[in-house]
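In what follows, chains carry the letters A, B, and so on, assigned in the order in which the sequence lines appear, proteins first and then strands, with residues in each chain numbered from 1.
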Amino acid sequence: AQNKKIKVGALRFTSHSASFVALERGYFADAGFDVELEFFQAAQPMAVAIASGDVDYAVTAVSGGLISLAEKGAIKVIGGALKEEAGIDGQQIVVSDAAFQAGLADPSQLDGKDYAITQSGSSFHYVGSNVASAEGLEMSYKPLQKVGAIIGALRSGQVDAWNIVPHIAKPLAGAGAVHIIGAVQDYLPDYQITTAFTSANNAANERGQTKDFLAAFSKGIDDYNGTMIDKSGGDAGVDEMVKLIHKYVYTDRPIEKAAPSIINGTMRLSPNAALNVASIQHQLSWFQSEGLVDADITLETLVDGSYVEMINI
Amino acid sequence: MDIQMKSVSHFYGSTEVLRDISIDIPTGKVVCLVGPSGCGKSTLLRFIGGLERPTQGEVLQLGEPPEGSLNPLTYVFQDFALLPWRSVRGNISLVLEDHGIRGEKANRIIQDVLARTKLSDFENALPKQLSGGMKQRVAIARALAVKPAVMLMDEPLSALDAQTRELLMDDLVALWTRQPFTAVYVTHNLAEAVRLGHKVVVLSRRPGRVREVVEIDTPLTERTTGDPELEKVQNKLWNLMRDEARAADEELVNV
Amino acid sequence: MDIQMKSVSHFYGSTEVLRDISIDIPTGKVVCLVGPSGCGKSTLLRFIGGLERPTQGEVLQLGEPPEGSLNPLTYVFQDFALLPWRSVRGNISLVLEDHGIRGEKANRIIQDVLARTKLSDFENALPKQLSGGMKQRVAIARALAVKPAVMLMDEPLSALDAQTRELLMDDLVALWTRQPFTAVYVTHNLAEAVRLGHKVVVLSRRPGRVREVVEIDTPLTERTTGDPELEKVQNKLWNLMRDEARAADEELVNV
Amino acid sequence: MSDATANAGVQRPVAYRGGGFAPSPRRWVGFVVFAVLVVLAEWGTRSGWISPLTLPKPSDVLDTFGDLYKSGLLFQHLVPSLSRLFMGALIGISLGVVIGILIGLFSYVRAGMVPVVAAIFPIPKIALLPLFVIWFGIGEGSKYALIAFGTFTPTVVATYGAVDNVDRTLIRMGQSFGLSWWSIVRKIVLPGAMPGILSGLRISLAIAIILLVAAEMLGAEFGIGAYILEAGSLYDLERLFAGVVILSVLGVFVSVAVGLVERRLLGWRT
Amino acid sequence: MSDATANAGVQRPVAYRGGGFAPSPRRWVGFVVFAVLVVLAEWGTRSGWISPLTLPKPSDVLDTFGDLYKSGLLFQHLVPSLSRLFMGALIGISLGVVIGILIGLFSYVRAGMVPVVAAIFPIPKIALLPLFVIWFGIGEGSKYALIAFGTFTPTVVATYGAVDNVDRTLIRMGQSFGLSWWSIVRKIVLPGAMPGILSGLRISLAIAIILLVAAEMLGAEFGIGAYILEAGSLYDLERLFAGVVILSVLGVFVSVAVGLVERRLLGWRT
Ligand SMILES: Nc1ncnc2c1ncn2[C@@H]1O[C@H](COP(=O)(O)OP(=O)(O)OP(=O)(O)O)[C@@H](O)[C@H]1O
Ligand SMILES: Nc1ncnc2c1ncn2[C@@H]1O[C@H](COP(=O)(O)OP(=O)(O)OP(=O)(O)O)[C@@H](O)[C@H]1O
Ligand SMILES: [Mg+2]
Ligand SMILES: [Mg+2]
């Protein structure tokens, strides 16, 4: 296919860098795609947009909504993206300054605390719940919808704890607004945070196109991992990559201010978009056990494993 | 064209409003309807104008309306019913437009009726700029514009102050004298009735029946305020109605 | 208690409304104010009632109001001004409450004024259930309840139909005959003025000036519709005013 | 027919040209329309003509509603929502009525407050959610505040409009009988403004219901709004529609209740 | 003073008891109130008396606004928002006026539609966001639809109320002059309903502005609503307030514009 128009959904987060790189470096074009990036404010509408056919491919966390749409036969997960990896700063567990001053310095002390989430069935809910069960304690979950509302609630000490990507956690901690008391990867090693997904139709009937997309997307992943984590290009390579990402992320800040945030946000993207199926199954089971989605949904309903490597089967 | 009411009766729901009314309205005469509040005068007028249908009986028109009459049965309302968003001219042209009369032809008619009602200077005024008396003159001009066979006037002067009322009565007499028209004129005001009516029909309280029909022979132009003949008629009418008027006034409205 | 107006003049913005008005209102007499629309009659009445202040001149009360007068200067309005959410009784007690009159004492006053205005059967009716004439009688009862020294009546009958007007004029004459009250009575209706006024003050067009003061000596009870004496006065008044009334009517309102 | 008639020339009844322009009530049509809509949706979703992504099956929505009721969750969601509605609307409406009356009575308050209210009116409440967290916390406070804030401005506008519309001749009557300022306000201005205030109430309460969802965005575990939000985030259309129907019915109830209050308080109107 | 006066007994001017209850305009007070509020906020935030979490410094908000203007981003945000407002409101209001007039004219339409509109009214638009994506896509379509949906119901209610309030004697007049049904609708009902429709427009447009934020939740990159949402999610109060002020000013502009249209179209009102 030549110059096939496709739409790729994205959030203005560093975790979506693979798409930015693939577009900027022409990997999509090489694969015969004329890609238009479609930006969203939140992950949930992006999933719905895939279902409605407004967007062809996108990357987002596994959420109750995503599973629900998969159950309705609208979408399929086809690959992996952001993941936790030992040795790389991943999502952090943070607590409010007030709670910290009151002595909350370790996740094991979270019993009875208020844990901020955006919505029931969000990835925050999943993480919080797993931390709680690992430590054998109970927390109450406060749905606050918006990241902004959560930050406000943390700053004013109205909720005690939260988990968030490093590039948001670190500056907040630096400003003294919150304190980092642990890492998510201690509780969920190899957690597959985000996945690449598409409409069920694309997965089943546009196999060639989907394969090509994943290939180009994987090149973007390789570039990103190589430059930002393995430092194959040295500092100059990092600078150039930061410049590229800055076209899409923190655009309203000058590059000097944006660069630290972009660098702080660096996490591993699954090489070759490989998918950690064990993690996905774990997430699905959790959603089911919480009664958020139907209990009879199988992994096959959610994932089309024919495209990329399935790890840990 | 005459109008003939043949034993008209009417009910609103279970309330009997009119009972067995028969009245003749001869061409070229002004017939006044008087009666206490709520006896059904306005209802009767709506029947004549075809705006409502009586439960029983019928309203007939005898003979053809005169040549060129656009709207044989034409109303003049108590509260003027002028469109506030149209000028004096616009209010008159409103009733011509639907008959396809526009442009020069409409203009000629409008100028003519404005002149007859002495309104030529106010052609472009909006209703809000006019006093009540002037508004009613516009409504009369509008009625004249469609060359009615019969004018149906429902208390046309009762929203006006006493002095303006006097002035408009003079104007109506002058209009009729210039060119006699047929009219049914509803009023509470006996002075108006004896001033303008060739025939005064007195209705009883609700359910309205015809109590008396008084003919007044004095020509309209010769009727003056002090005329003892007219005074006598007026007193007679008032004596006929006084008790019923009081009873009607003291009735509780059941809203 | 007499009222004396001493060269009262008034401007609204730059519009001169009244010019150098001096009128005496003697105790126990009804003074009628007549004049064309917009000549400032209502404004003058507001000055007497203390609801507004003239630009120049003063309104004086001579002597003390009679013992027990709760509100020496009391209005009766054209549109009745009854509180629609209060019953007949409640509307009357409204004006007593502020004077601390409640309970039995209030009840006695209310029963008395209702009886005088023949409203005793309607004590608990709401205004919406009453005809216009009844409403105005409630307003008169309310005015009587505060034992006014002077009644200020602004076209009290002009919102009523002609028959009710007749009835209420009879009632007013009866009330006055039983116990003479002082009143300033504004009207457009010359028949009313010659029927009720001991003195008729004719105002000119705006800016209103006193054109003529006509005294009528016939006692109120002896005035009848056909009385040639009164007819003469009425005709004289009408001749004084006719042209001005027409001119006032034809003025464009500049809204 | 007879000669007499013929002699009189043409004789015919006057033409009827009245009627119309006076809608008459036909209650059943409303039910029919609802029924038709529901049946259409059911048929469409069953036959696959409407995709399950677009609309849930009405029968499934009903099932969900039944489950909600049976499990007792309905009241667990309804009770906190109703108390939020009640408290929030109470605060917003009482403040709004007071300020509205002050605006209606005092020139300076009017000059000072009307522009402020006009400036506040077009501010979307959801935009302020992050601030509300700081200002009022994530407990019931911020929910009350949000609903109060949303009902405040329309109430103010309706109230001062109502005060402005009180018949000035009634006020002049009060003055002419020497009533005190306070008596005039209490006995004439307030009852006279009541119809306008109540019809403002109708709108304010509808807005309060609409804002329930926004209010329950802030850390609410239970509540119809929270229920709807969760359903939305899980893309669970049955539950979403069940929640929306509850709000809709709530709106109809509130409107009927205001109607009853009106009939009771405003019986004096013609 | 003289004997003559003494003889006449007590003589004094009548007591004044009128006045009041007629608010007079004092425009400057509005500006003073705004100025005082801003100065208070500035002083409070500067002195630390108001925490920076609670309120941004007004001067910082002004700076942000200045940056926004200088960088040209202001118009980049404003233009799409205005076009969404315009299109959405146009669709919602024209549909609303048409349906409102039909409800006003036909008994069956009234009986069928009024309950539907009443049921739709209390549905919060944000609850339907996920559905709107499916129904109308993530492009401009769903934004128009959301604003149209929000302005539709209040317009319908205002319009049929306005039609109901058209003076029936004017309609009867039209019939009595033999005007056709269509002439009566066009020349009497529509102009007569115009004041009510326009005052409904005021409210509908305010609602349209409020809904801008909700509409731009759906995949909008540029737009005042998107700007506010982004500021909110970053808890950037300066930008949040700058955005809110823009909406507020927009609301005032719209209201002034409607006022001008009213003055132009409704000059015939007394
Ligand atoms: N459309 C209607 N439906 C029900 N009752 C009506 C209707 N129109 C009039 N009525 C009642 O019919 C009676 C007669 O009304 P109508 O208006 O004809 O009286 P009227 O003689 O013109 O009174 P007025 O002198 O007060 O104008 C009244 O009791 C009135 O309440
Ligand atoms: N509050 C006001 N402000 C400005 N002009 C006023 C005010 N009140 C009355 N006027 C004007 O003053 C003039 C006299 O008004 P007023 O009401 O006293 O006349 P009137 O003689 O009672 O008229 P009518 O017979 O129509 O009742 C009119 O031209 C009127 O427009
Ligand atoms: Mg009538
Ligand atoms: Mg007056």
Side-chain angles (χ1 to χ4, degrees), chain B residues 42-43 45-52 65 69-88 90-101 124-132 135 138-139 142-155 159, chain E residues 93 97-98 100-101 104-107 111 155 158-202 257-270:
Chain B
S42 302
T43 308
L45 212 61
R46 286 200 291 274
F47 295 154
I48 304 178
L51 292 181
E52 218 165 306
S69 172
L70 299 175
N71 189 48
L73 301 166
T74 298
Y75 271 91
V76 175
F77 296 89
Q78 175 178 4
D79 49 4
F80 324 134
L82 299 179
L83 302 186
W85 51 87
R86 286 196 177 215
S87 65
V88 168
N91 265 287
I92 299 173
S93 82
L94 171 80
V95 299
L96 300 175
E97 289 160 12
D98 259 38
H99 297 282
I101 299 176
N124 295 312
L126 282 174
K128 69 169 177 180
Q129 300 176 281
L130 303 176
S131 67
K135 282 186 199 150
V138 176
R142 177 178 62 186
L144 294 174
V146 291
K147 299 203 176 55
V150 181
M151 296 255 264
L152 307 172
M153 308 173 98
D154 194 354
E155 309 194 35
Chain E
I93 288 171
V97 167
V98 169
I101 287 173
L105 291 177
F106 301 106
S107 297
T155 308
T159 303
Y160 82 72
V163 172
D164 286 355
N165 275 338
V166 172
D167 190 350
R168 295 295 123 167
T169 55
L170 293 183
I171 291 175
R172 196 137 352 114
M173 181 277 290
Q175 294 180 324
S176 80
F177 278 97
L179 267 59
S180 68
W181 185 87
W182 179 232
S183 279
I184 291 178
V185 170
R186 231 168 8 116
K187 297 176 184 170
I188 301 180
V189 176
L190 286 191
M194 207 37 92
I197 294 177
L198 282 180
S199 76
L201 203 70
R202 237 172 230 285
V258 174
L260 287 179
V261 172
E262 273 181 347
R263 213 173 324 146
R264 178 119 184 64
L265 283 187
L266 307 180
W268 48 267
R269 283 193 305 187
T270 28

Hey, could you give me the CD1/OH distance between I48(B) and Y75(B), rounded to the nearest 0.5 Å? 7.5 Å
Best-contacting candidate, K187(E), Q175(E), M194(E), against chain B by heavy atom pairs under 4.5 angstrom: K187(E)
Sub-4.5 Å side-chain heavy-atom contact between F177(E) and S183(E): no
Going by residue number, which parts of residues 77-88 of chain B are within reach of chain E, meaning a heavy-atom gap below 4.5 Å? F77(B), D79(B), A81(B), L82(B), L83(B), P84(B), W85(B), R86(B)
To the nearest 0.5 angstrom, please state how far the CG atom of L190(E) sits from the CD1 atom of I101(E). 4.5 Å
Are K147(B) and L70(B) packed together at the side-chain level, in the sense that at least one heavy-atom pair is separated by less than 4.5 angstrom? no
Here the gap from N71(B) atom CG to L73(B) atom CG, rounded to the nearest 0.5 Å, amounts to 7.0 Å
I'd like to check L152(B) versus T74(B) (side-chain heavy atoms, cut-off strictly below 4.5 Å). Are they in contact? no
With side chains defined as the heavy atoms from C-beta onward, is the minimum distance between L51(B) and S176(E) less than 4.5 Å? yes
Top residue by heavy-atom pair count (under 4.5 Å) with chain E, among V146(B), L94(B), L126(B)? L94(B)
Region of I188(E) that comes under 4.5 Å of a non-hydrogen atom in chain B: both
